[in-house]
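Written out below as structure tokens is the structure these notes cover.
Just so it is clear, the values below take in all heavy atoms, side chains as well, and ignore hydrogens, waters and symmetry mates.
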Amino acid sequence: FVCAQQNHHWPSPLNRIAWHSVSLAGSTAMSHVGNPLTPPYRIQVIVGRVEDQSLRRQVADLHGACYPGEQSPEDSLDEIFEQITFLHDEEDCTWLLLWLAEAGDRSRGSADRTDPGTVSPTSERLVGMVASVEYHDSTYAFAYGVLPSHRRMGFGKRLMYEMEARTIAAGRPGRISSTVDARQPRLLAYYRHQGGTIEPTGVTSSGGPPPPSVRVIKLFDAAEATRGVDAAHASILRALSRRRQGRVLRWAAAAVPFVAVMATAWLLSPRQRRTHRLIWGTPYRFWA
């Protein structure tokens, strides 16, 4: 198996994203070339079996959070991955894992850490993933999910368009298919909004929904994939900025009562009352 990891660098809005291939032990991985500013997330690419046991556990936990009820507490990691890959061999899968940097979080470690006894000032959290296998006429995607706490921020679109861009860069047809539970209208509406078409099928996948299920097919080209990557990246940055601003506002709102109480106590202290009598005189006596 081959494990390829990239920190993606992004160009200015006036430049287009350029792709280049890097040969990795007989496999090919794609990375961006552009502005040296590193975004607060990265996409890890794993071709073949996920060997690292810690990483396998994180992937299994993410899958369990995205697809509740599909795992049993008694299932081993290998059994969980058999459920995830279903009819496909794990060695034939390509995994895209999206890691979000979380500054100052000392409860989790980075996937790249070699010394588990050290604590990095910036750790990473696995927030999204998608797996795929190559068919003769398309790329089949499955295990597509984002943590519930990090949805509606652009991470799902970022993974989807990354898969599209890699498909085009590898010379594969611009066609991605997937199987979805037909009883989830919001999910079907999401795929339609992303340009997918819905076709009826009785086949299930990923050990998941029984029939009726439908197949989602999306056709795309290199230009669409590039625009999608740019738009999803910008959406993520905006969402993270709003989340940081909201955190600051919550801290400020929580501090207001404390500041008000302390200011009132200071103003009404005997020493300050004497000071205000000397400064303000009669107006102070009116409201004190």
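Hydrophobic clustering (ILVMFWY, side-chain heavy atoms < 4.5 Å, transitive): Ile217 and Val180 are in distinct clusters. No continuous path of hydrophobic side-chain contacts links Trp95 to Leu77 [ILVMFWY only; heavy atoms under 4.5 Å]. When the side chains of ILVMFWY residues are joined at heavy-atom separations under 4.5 Å, either directly or via intervening members, Tyr135 and Leu219 end up in two distinct hydrophobic clusters.
For the pair Arg49 and Asp89, the salt-bridge criterion is not met [side-chain N within less than 4.0 Å of a carboxylate O]. Ion pairing between a basic and an acidic side chain is recognised when a charged N comes within 4.0 Å of a carboxylate O; Arg57 and Asp61 show such pairing. A salt bridge links Arg56 with Glu90: the closest approach of a Lys/Arg side-chain nitrogen to an acidic carboxylate oxygen falls below 4.0 angstrom. The existence of a salt bridge linking Glu164 and Arg227 is excluded, since no basic side-chain nitrogen approaches an acidic carboxylate oxygen closer than 4.0 Å.
Not a single side chain to side chain donor-acceptor pair (under 3.5 Å) links Asp92 to another residue, sequence neighbours left out.
Atom NZ of Lys157 sits in a sparse spot, with 12 or fewer heavy atoms from other residues, nucleotides or ligands closer than 6.0 Å.
Tyr41 and Phe155 have perpendicular rings, their planes meeting at more than 60° on a 0 to 90° scale where under 30° would count as parallel. Taking the six-membered ring for Trp and thresholds of 30 and 60 degrees, Tyr140 and His88 have ring planes inclined between 30 and 60 degrees apart.
Formation of a donor-acceptor pair under 3.5 Å by the Thr226 side chain with backbone atoms of Ala222 is found in this model.
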Take Arg125 and His150, measure what side-chain contact (heavy atoms from CB on, under 4.5 Å) needs, and give me the verdict at the end.
CA-CA 11 Å; Arg125 183 180 188 185; His150 289 73; 3.6 Å; yes

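Side-chain contact between Arg243 and Arg238 is absent, with no heavy atoms from C-beta onward closer than 4.5 Å.
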